[in-house]
Participant: 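Shown below is the structure under consideration.
We number each residue from 1, following the sequence as shown.
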Amino acid sequence: MGSAKEAEVTTKSRPVPQTVTEKYADVTLRLIEDHGDEFGPLTPEKEKLLRRKLYRHIMLLISAINIILFIDKSTLGYAAILGLFEETGITKDQYNNLNTFFYVGYLAAQWPGHYLLQKLPFGKSVASIIFLWAVVILLHCVATKYAGLVVLRLALGAVEAVVVPAMEITIGMFFNREEQAFLQPIFWVTCQAAPVVAGFISYGLLWSNSSVLPWKLFMITTGGLTLLLSVYAWFCYPSNPAEARFLTLEEKVQAIRRVHGSGQSSIEQKQFKKTQFIETLRDPVSWLFALQAFTLMYSNNLTYGQQNLLTTSLGVSNLGSTLVAVAGGSFGMVLCVIAALILKWHPRNFAVHSLVWCIPAVAGGIGMVTIPWDRKLALLTCLLLAGHTYGITYIIALGWTTSSAAGYTKKLTRNVMFMLGYSVGNLVSPQIWVPTAAPRYYGAWISMIVVAWVGTPAILFAIHLILARRNAERKAWMAELSEEEREAGRVEQYDDDGQVITKNVNIAMLDLTDMENKFFIYPL
């Protein structure tokens, strides 16, 4: 069948039945066709048990991956206070460049990484990526020159490039839209927990009397943990609900139904669809999400590259700075829990939630440029306030980026665009910390306030306005439809005799984009 049959666009007057060939439909379609009629509606009691099982198997696994990811991502920041400068002889400028080179690799690997995620078995791909980044972390131990570190930082960025989008896609595969909203901050508690774990590891290593410098022991420890995690992920990371070994047949069917019913979007699709790719590029919302990823990540090196150095510049010892990192991470974890509870009670107005978590960062940034340098405790407080609050805005925006798009290729393409903005922001971020501006770095702080913590919420409010207008148009259109007109999904398959037959299916099974499926309502 030609690609023109991938999706026949719904008109705004009356819905035209959508028809696709089976290979362009959701990969879970066959399971629903074969076994969907065997099970009735999901009862509240069974849904509660299913949700708990998903929390145990999915959320615990991806949370473990996330905490190791952010520990490994920040290894250079901890190596800076564990003997990296002394052994390698690098300068502060070169250190900033190493932070930038990580995101050069991150940027370069976005599109090929996402393409491979779609074409290859999803779960095995994630496990393989974790194994590769464990190898790269361990190889840091043999790099004693700047050139070697450059190569390894490029490689580490490349192998870590699609891990976060992959975990976000996994959350979207297994949880309905309402659960996704409040699970995002809970999931990212592990991101904030990374400085706690890494800080305690660093604290212990600073007491070591080994002939191997602490920064190398840090790489060995974190690399070894990552290697063990890759083995576990190989056997336990599911590609989609239909292939999740921890679910019973009934639970697979019900998990798929929950996601389709909530989001009107497909779970997984292995065919790259050019039409969806083009639509993503033409959708202004995609570009706005990419832009806000850049603006917010403009400030990200504060947390993952500069915080330990800023702490020591305030007179805190290397040993003490590890404990400051622990305190900052613990503070961030508490804020993530608070954000999750607020989103659970008030699951709408993502733009407002995002603004709320940028306001403390603005306050902290203003404090860093106005408080006298001899008031060390106040400056440390402002540093932690600025560095551990805006991340929740990133969490909300990342989840919103995916949940506001439908169509698997469109979701992947929008994720690529988001991560490109993220990468460019992180490329620039280390370079704003000009060594000659130390220790106050007025230019860095003022630009972060304006670009990252004021500019990002403004962009998210623009996205809200666009999506709200689309929702109003769609709700008015749907109000005029009969029940029969709402049944607009059909799939073409071959029967046992090789004849093409057409079956009616849930329109969410057709892997249509949000622009093709006018029944899709955008989360706000």
Side-chain angles (χ1 to χ4, degrees), residues 74 76-82 84-85 91-93 95-96 99 191-196 198-200 202-203 206 296-336 338-339 355-394 429-457:
S74 60
L76 198 67
Y78 287 94
I81 60 171
L82 294 174
L84 175 72
F85 284 99
T91 65
K92 181 60 167 56
D93 274 331
Y95 171 80
N96 287 343
N99 281 294
C191 164
Q192 297 292 343
V196 178
F200 278 126
S202 302
Y203 184 83
L206 280 169
L296 192 59
M297 289 303 103
Y298 179 85
S299 64
N300 204 37
N301 195 246
L302 167 64
T303 306
Y304 294 102
Q306 304 298 325
Q307 181 175 290
N308 289 331
L309 296 177
L310 289 169
T311 302
T312 54
S313 72
L314 286 167
V316 180
S317 67
N318 286 345
L319 200 61
S321 69
T322 63
L323 299 180
V324 172
V326 170
S330 301
F331 175 57
M333 291 172 66
V334 171
L335 294 181
C336 279
I338 293 172
L355 171 63
V356 166
W357 294 108
C358 279
I359 292 173
V362 171
I366 292 173
M368 289 300 294
V369 297
T370 58
I371 294 175
W373 192 247
D374 58 351
R375 296 182 60 184
K376 307 299 185 185
L377 183 59
L379 288 168
L380 276 175
T381 302
C382 289
L383 177 60
L384 295 183
L385 189 64
H388 295 277
T389 52
Y390 71 88
I392 296 175
T393 297
Y394 165 75
S429 187
Q431 304 305 319
I432 67 176
W433 301 92
V434 181
T436 55
R440 298 306 306 248
Y441 296 106
Y442 289 114
W445 284 108
I446 293 170
S447 62
M448 286 191 297
I449 292 169
V450 175
V451 174
W453 305 326
V454 173
T456 301

Participant: Could you tell me whether the side chain of Asp93 reaches within less than 4.5 Å of the side chain of Pro435, counting heavy atoms only?
Facilitator: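 Contact flag for Pro435/Asp93 side chains = yes.
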Participant: Report, one line per pair, each donor and acceptor closer than 3.5 Å where one atom sits in a side chain of residues 373-390; sequence neighbours left out.
Facilitator:
{"unit_1": "Lys376", "atom_1": "NZ", "unit_2": "Trp373", "atom_2": "O", "d": "3.0"}
{"unit_1": "Thr381", "atom_1": "OG1", "unit_2": "Leu377", "atom_2": "O", "d": "2.9"}
{"unit_1": "His388", "atom_1": "ND1", "unit_2": "Gln192", "atom_2": "OE1", "d": "3.3"}
{"unit_1": "His388", "atom_1": "ND1", "unit_2": "Gly328", "atom_2": "O", "d": "3.3"}
{"unit_1": "His388", "atom_1": "NE2", "unit_2": "Gln307", "atom_2": "OE1", "d": "3.0"}
{"unit_1": "Thr389", "atom_1": "OG1", "unit_2": "Ala361", "atom_2": "N", "d": "3.4"}
{"unit_1": "Thr389", "atom_1": "OG1", "unit_2": "Leu385", "atom_2": "O", "d": "2.8"}
{"unit_1": "Tyr390", "atom_1": "OH", "unit_2": "Ser299", "atom_2": "O", "d": "3.4"}
{"unit_1": "Tyr390", "atom_1": "OH", "unit_2": "Asn300", "atom_2": "OD1", "d": "3.1"}
{"unit_1": "Tyr390", "atom_1": "OH", "unit_2": "Thr303", "atom_2": "OG1", "d": "3.2"}

Participant: Taking atom types as modelled, is there a side-chain donor on Asn96 or Gln306 under 3.5 Å from an acceptor on the other?
Facilitator: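 Their side chains do contain a donor-acceptor pair, which is all the 3.5 Å distance test asks for.
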Participant: When you compare the side chain of Leu302 with that of Leu310, does any pair of heavy atoms fall below 4.5 Å?
Facilitator: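 Leu310 vs Leu302: side chains touch.
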Participant: Give the C-alpha distance, both sets of side-chain angles, the deciding distance and a yes or no for side-chain contact (heavy atoms from CB on, under 4.5 Å) between Val454 and Cys358.
Facilitator: CA-CA 7 Å; Val454 173; Cys358 279; over 6 Å; no
Participant: Step by step, would you call Ile359 with Trp453 a side-chain contact (heavy atoms from CB on, under 4.5 Å)?
Facilitator: CA-CA 7 Å; Ile359 292 173; Trp453 305 326; over 6 Å; no
Participant: List the atom pairs, donor and acceptor, that lie under 3.5 Å between side-chain atoms in residues 437-451 and the rest of the protein, sequence neighbours left out.
Facilitator:
{"unit_1": "Arg440", "atom_1": "NH1", "unit_2": "Ile371", "atom_2": "O", "d": "3.2"}
{"unit_1": "Arg440", "atom_1": "NH2", "unit_2": "Met368", "atom_2": "O", "d": "2.7"}
{"unit_1": "Arg440", "atom_1": "NH2", "unit_2": "Ile371", "atom_2": "O", "d": "2.9"}
{"unit_1": "Ser447", "atom_1": "OG", "unit_2": "Tyr298", "atom_2": "OH", "d": "3.0"}
{"unit_1": "Ser447", "atom_1": "OG", "unit_2": "Gly443", "atom_2": "O", "d": "2.9"}
{"unit_1": "Ser447", "atom_1": "OG", "unit_2": "Ala444", "atom_2": "O", "d": "3.0"}

Participant: Between Ser321 and Thr312 (side chain of the first, backbone of the second, donor and acceptor by atom type, cut-off under 3.5 Å), is there such a pair?
Facilitator: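 Checked: no pair found.
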Participant: I need the minimum non-hydrogen distance between Val356 and Pro360, along with the two atoms involved.
Facilitator: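 In terms of heavy atoms, the two residues are closest at O-CD, 3.1 Å.
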